[in-house]
Structures are given as C-alpha cells and as structure tokens.
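See below for the structure under consideration.
In this chain, residues are counted from 1 in sequence order. Just so it is clear, the model here is predicted, and its values are computed rather than measured.
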Amino acid sequence: MAPDLSVAQFTVSPDFGPDLIASWFVFNTWMQRRLGRPIHLELHDSFAAQRAALAAGEVDMIYANPSDAAVLVRSYGFTPVVRPAQHPDEVVLAAAASSDIHHVEDLAPGTRLAQTDDPDVSMIARIMLEPADLDADNTTIVELDTYVLVAKALLDGRAEVGAFLDEAFEGLSTLVRDQLRPLVTSQISVIHHALMVGPRLAPHRDTLLGVLVPMADDPAGARVLAELGIAGWQPMEHEEAEFLIDLMDTLAA
C-alpha cells in the first residue's frame with residue numbers, strides 16, 4: 001500500500017536492539033505532539049528493506065546509520081538536522097568467554113566472523129581485525145539478523161568472533177553478556193548516527209531543531225531520551241554531514 005503523503009514517514013536505522021522498539025514509538029509520539037503534525041513510524045527489519053523504502057520515496061525522516069549518509073545526501077537530497085550529543089558509534093569485537101581467544105591477535109586465518117548486515121559495523125570490524133592479518137580472503141562471514149543472534153553464534157561455537165555496535169553489546173542481557181569476552185572496542189569517536197529529513201520536510205528543519213535541541217530540558221523528553229540511551233541532540237550542519245561522508249569513504253578505502 002502506498003504511504004499517505006499527508007503524513008510524514010519516519011524510519012530508524014535497523015541496527016538498534018529489539019528492546020528499543022517501544023522507545024522509538026514513544027519518541028515518535030512525543031515528537032508528533034510537539035510538532036503538532038502526524039508522523040508515521042515504520043521500522044524495517046533489515047538495511048535492504050530500509051533502502052527499498054527510500055528508493056520508493058517512502059521515507060521523509062530517518063535516524064540514519066553513518067554508512068547511509070552519502071546516499072541519503074547525494075542521491076535522495078536529505079538534509080541533516082541533529083545528531084546525538086556525546087554518543088559516537090563504536091564497535092566491539094567479542095568472543096565467547098569459554099574460548100581461548102583473549103586478544104584479536106589470537107585469531108587465525110579461517111576465523112568465522114559473526115555480524116549483522118550493519119554496513120559501518122562491518123567496515124570498522126574489518127579494520128579492527130587487521131592486527132591479526134585477517135581480511136576478506138581468509139575469514140568467513142556468518143551474517144545474522146540481530147545482535148542477539150550474533151551472540152548466540154559465539155556461544156554455540158558457530159563463529160570465533162562477533163562484531164557488535166557498542167550500544168547493542170551493552171544492551172544484551174547480563175546473562176548473555178557475562179558469557180562473552182570483549183576483545184577490543186574501537187575508539188574512532190567521530191562516527192555517529194544522524195536524524196535527517198528528505199525534501200518534503202526540509203522546509204521544516206528549523207522547526208524540528210527548535211523541538212529536538214531542547215528535548216533534554218523537557219521532563220517527558222528527557223525520559224524518552226534516557227530510554228534510547230541518548231544524552232540529548234545537537235544541531236548538525238551540512239558541512240558536518242559531508243565530513244562524515246568523507247570519513248566513511250576513507251575508512252572503506
């Protein structure tokens with residue numbers, strides 16, 4: 001069914017844990033009330049499904065993964081609005097606590113890497129495996145739908161190492177996390193998600209800024225942000241998006 005064009009269509013990068021689904025709907029409700037306009041939140045279960053929605057013109061606003069910044073800006077005309085304050089994206093490489101792997105250098109050619117289809121986590125994980133002389137030619141990717149399944153693959157012995165978005169790793173249950181051994185966490189510090197709007201909502205960017213930037217000062221807004229693990233929002237200019245795009249291109253090279 002085609003989307004109702006009188007309603008803004010909002011989606012969120014599918015790299016967050018299932019425990020945050022309800023929180024994103026609460027965020028959307030809070031945002032609708034503050035903006036005084038209807039916004040439909042549609043969550044996709046994969047990056048492929050999300051990109052198909054973008055190609056079909058079914059997205060007006062997106063909390064975007066940094067790897068998608070280039071296509072959003074250059075192919076679909078999206079404009080950055082805000083990014084999380086003090087919340088860069090980092091990657092955790094982990095192994096089963098019961099394994100003999102204590103450091104990345106303990107991994108050998110033939111290593112099986114469990115990961116989701118999250119593109120920036122995959123890219124950063126590849127860089128983090130370089131100290132073990134591992135690359136696409138001597139590792140096997142075990143691609144799974146969620147970070148919970150990545151953890152399960154480590155515990156079941158179907159992979160030697162797993163790549164997690166740091167907040168997804170921290171979001172695992174204590175029971176699961178205690179059975180895993182973090183090997184290394186990236187410290188890039190400047191990669192982050194961003195809330196962006198497409199051409200239909202671009203004229204309302206300043207209104208969105210006026211609502212989102214002071215969100216942490218509103219008691220209800222602060223509670224929603226806390227549930228999402230976000231300290232607050234800070235404005236993001238086009239130049240910052242271009243820097244992020246260039247950085248991702250450099251890391252991918």
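Under the 4.5 Å side-chain contact rule for hydrophobic residues, Leu195 and Tyr76 do not share a cluster. Note on Ile62 and Leu35: separate hydrophobic clusters, where clusters join Ile, Leu, Val, Met, Phe, Trp and Tyr whose side-chain heavy atoms are under 4.5 Å apart, directly or indirectly. A continuous path of Ile, Leu, Val, Met, Phe, Trp and Tyr side chains, each step under 4.5 Å between heavy atoms, connects Met61 with Phe25, placing both in one hydrophobic cluster. One hydrophobic cluster, built from ILVMFWY side chains closer than 4.5 Å, holds both Leu20 and Met215. Residues Val121 and Ile141 are members of one and the same hydrophobic cluster, defined by side-chain heavy-atom contacts under 4.5 angstrom among Ile, Leu, Val, Met, Phe, Trp and Tyr.
Using a 4.5 Å heavy-atom threshold, the side chains of Lys152 and Leu155 count as separate. The shortest side-chain heavy-atom distance between Gln50 and Pro14 falls under the 4.5 Å cut-off. The side-chain heavy atoms of Leu129 and Asp135, taken from C-beta on, include no pair separated by under 4.5 Å. For the pair Pro38 and Gln32, the minimum side-chain heavy-atom distance is below 4.5 Å. Residues Val26 and Arg223 are not in side-chain contact: their nearest non-hydrogen atoms beyond the backbone lie 4.5 Å or more apart. Residues Leu201 and Arg37 are in side-chain contact: their nearest non-hydrogen atoms beyond the backbone lie under 4.5 Å apart. Side-chain contact check for Met128 versus Leu183: every heavy-atom pair is 4.5 Å or farther apart. Counting heavy atoms from C-beta on, the side chains of Ser99 and Glu160 never come closer than 4.5 Å.
Expressed to the nearest 0.5 Å, how far CG of Leu180 lies from CG of Leu93 amounts to 12.0 Å. In this structure, CZ in Phe27 is found 9.0 Å from OH in Tyr63, a value given to the nearest 0.5 Å. Put simply, NE2 on His204 and CG on Leu208 are 8.5 Å apart, with the number rounded to the nearest 0.5 Å. Distance CG/Leu54 to CG/Asp60: 10.0 Å, rounded to 0.5 Å. Residue Leu165 holds its CG atom at 8.5 Å from OG of Ser13, rounded to the nearest 0.5 Å. Atom-to-atom distance recorded for Phe164:CZ and Gln115:CD is 11.0 Å, nearest 0.5 angstrom.
The main-chain N or O of Leu72 is never found under 3.5 Å from a side-chain atom of Ser75 such that the two would form a donor-acceptor pair. Within the 3.5 Å criterion, the main-chain N or O of Ser46 finds no donor-acceptor partner in the side chain of Asp117. A distance-only check finds no donor-acceptor pair linking the side chain of Arg83 to the backbone of Ala241 [under 3.5 Å]. Using a distance-only test at 3.5 Å, with no hydrogens or angles considered, a donor-acceptor pair links the side chain of Asn138 to the main chain of Asp133. Of the possible donor and acceptor atoms, one in the side chain of Thr11 sits under 3.5 Å from a partner among the backbone N and O of Glu42. Glu170 contributes no side-chain N or O that, together with a main-chain N or O of Asp166, makes up a donor-acceptor pair within less than 3.5 Å.
Under the salt bridge (Lys or Arg N to Asp or Glu O under 4.0 Å) criterion, Glu237 pairs with Arg205, not counting sequence neighbours. The ring pair (Phe, Tyr, Trp, His ring centres under 6.0 Å) test applied to Phe47 returns no partner, not counting sequence neighbours.
Residues Ala114 and Val150 approach most closely at O-CG1, 3.7 Å, considering heavy atoms. Between Ala151 and Val176, the shortest heavy-atom distance links the atoms CB-CG1, 3.7 Å. When all heavy atoms are compared, the tightest approach of Arg177 to Phe169 is CD-O, 3.4 Å. For His193 against Pro84, the heavy-atom pair with the smallest separation is O-CD, 3.3 Å. Of all heavy-atom pairs between Gln9 and Glu58, the closest is CB-O, 3.2 Å. Here the closest non-hydrogen pair linking Leu154 and Ala94 is CD1-O, 3.5 Å.
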I would like to know whether Leu209 and Val81 meet side-chain contact (heavy atoms from CB on, under 4.5 Å); could you show each step before the answer?
-> CA-CA 7 Å; Leu209 279 170; Val81 181; 4.0 Å; yes
CA sep, side-chain torsions, deciding dist, call: Ile127, Val91, side-chain contact (heavy atoms from CB on, under 4.5 Å) | CA-CA 11 Å; Ile127 296 171; Val91 173; over 6 Å; no
Verdict with reasoning, Leu41 to Val12, per side-chain contact (heavy atoms from CB on, under 4.5 Å) | CA-CA 8 Å; Leu41 174 59; Val12 176; 4.0 Å; yes
Given Tyr147 and Asp118, is the side-chain contact (heavy atoms from CB on, under 4.5 Å) satisfied, shown in steps?
-> CA-CA 10 Å; Tyr147 288 110; Asp118 188 328; 3.2 Å; yes
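Annotation for Asp100: atom CG does not count as buried by contact number, only 12 or fewer foreign heavy atoms lying within 6.0 Å. For Arg33, the CZ atom counts as loosely surrounded, since its 6.0 Å shell holds 12 or fewer non-hydrogen atoms of other residues, nucleotides or ligands.
Side-chain atoms of Glu90 and Ser186 include a donor-acceptor pair closer than 3.5 Å.
The side-chain hydrogen bond (donor to acceptor under 3.5 Å, both in side chains) analysis of residues 206-220, with sequence neighbours excluded, yields the pairs Trp30-Asp218, Arg34-Asp218.
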